[in-house]
Structure formats: C-alpha cells, structure tokens
Amino acid sequence: MEAFTEKAIKVIRNIPPGRVMTYGQIASHAGSPRGARQVARLLHSMSAKYELPWHRVINAQGKISFQDTDNRLSQTKLLQNEGVEVCSLGKIDLKHYRHDPGHDAF
DNA sequence: TTCATGACCGTAG
DNA sequence: ACTACGGCCATGA
C-alpha cells in the first residue's frame, strides 16, 4: 500500500461529523493533488473493511458521486442525519459544509 | 512489467 | 445549466 493511500485514509477519518470533503481535497492533503481517483478507489475498497466515513466524501461539484440509487440515498440520509443539508439531486453547499483540515473547524 | 479500470477533476462547446 | 474529452495515478490481473 502506498503512503498516499494511508495518508488519505487518515484524512478521511479526520473529517468531523456534519462536514464534507471532496476527493480532490483529500488527495491534495494526502500528497497527490491529482490522486482524486485513488481516494475514490480506496473508499470503495476500504469502506467495507474499515470504518471510514465514506458518506462525508463527495465530488468537487458538491454532489454525490454514486450512480446506484440505493447507496446514493443512504449517503444522503446519513449526511442529513448529521445536519448537512442535501438537495434531492444530491447537491450540497460546499461553501457551508466543506471541511478544511488546516483550519481546525472542530 | 504491461494493460485496463475507476464513488474524479478541469476545461471546452 | 449539461455533455464530451483528456489527464491523472494507485490497484489488480
């Protein structure tokens, strides 16, 4: 496993409830600004094995990346449960809910 | 090692 | 606003 992957996992686990991060953000903080896809990949792989807050990770457009209706609804539900306002289309206000590790929002 | 793939991102029409 | 294309890089066969 690459160091990048481990860092990405740490960053993801560091996301506080009620906040979200984009793949690109996580990748950037993990050391690879262009490694957004690897973040997605590790989430897909690790979420089932580790306890990662995968639902707090969304794409740069502030929307849920899932294509499967089931998982999409699950993520929406979880986020709403944490106090994040999610539109019917899976739209989220990044300006309001984006978590910045350096800013220490928690 | 090489090839193909992916819960992405940014730019262009 | 939405669709299409190319680039990115770790992972698995």
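Each chain gets a letter, A, B and so on, in the order the sequences are listed, and its residues count up from 1.
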Excluding sequence neighbours, so at least two apart, what forms ring pair (Phe, Tyr, Trp, His ring centres under 6.0 Å) with A:Phe66? A:Trp54

Taking heavy atoms of chain A and a 4.0 Å limit, find me the 5'-most and 3'-most nucleotide of DNA chain B within that range.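 For DNA chain B, the relevant span reads B:dT5 to B:dG10.
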
Of all the heavy-atom pairs spanning A:Ala8 and A:Ala30, show the shortest one and how long it is.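 So the two residues come closest at N-CB, 3.7 Å.
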
Close residues, residues 61-92 of chain A, relative to DNA chain C [heavy-atom separation under 4.0 Å]: none

Give every residue pair that meets the salt bridge (charged side-chain N to carboxylate O under 4.0 Å, His left out) criterion with at least one member in residues 81-93 of chain A, sequence neighbours excluded.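 Applying salt bridge (charged side-chain N to carboxylate O under 4.0 Å, His left out) to every pair that reaches into residues 81-93 of chain A, excluding sequence neighbours, yields A:Arg56-A:Glu82.
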
Restricting to pairs with a member in residues 62-76 of chain A, which pass salt bridge (charged side-chain N to carboxylate O under 4.0 Å, His left out), not counting sequence neighbours?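 Qualifying pairs: none.
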
Output one letter per nucleotide in nucleotides 8-13 of chain C: B when a protein non-hydrogen atom lies under 4.0 Å from the base, S when only the sugar-phosphate is that close, - when neither is. BBSS--

Taking side chain to side chain contact (heavy atoms under 4.5 Å, CB included) as the test, write out the residues that go with A:Lys10, two or more places apart.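 A:Lys10: no side chain to side chain contact (heavy atoms under 4.5 Å, CB included) contacts found.
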
Sequence neighbours excluded, the answer for side chain to side chain contact (heavy atoms under 4.5 Å, CB included) partners of A:Gln38 is A:Phe4

List, one per line, each side-chain donor-acceptor pair under 3.5 Å for residues 39-50 of chain A, sequence neighbours excluded.
| from | atom 1 | to | atom 2 | distance (Å) |
| --- | --- | --- | --- | --- |
| A:Ser47 | OG | A:Leu43 | O | 2.7 |

A:Gln80 meets the side-chain hydrogen bond (donor to acceptor under 3.5 Å, both in side chains) criterion, sequence neighbours left out, with none

For A:His29, all residues meeting side-chain hydrogen bond (donor to acceptor under 3.5 Å, both in side chains), sequence neighbours excluded: none

Test salt bridge (Lys or Arg N to Asp or Glu O under 4.0 Å) applied to A:Arg37 - qualifying residues, sequence neighbours left out: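 For A:Arg37, no residue satisfies salt bridge (Lys or Arg N to Asp or Glu O under 4.0 Å) once neighbours in sequence are set aside.
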
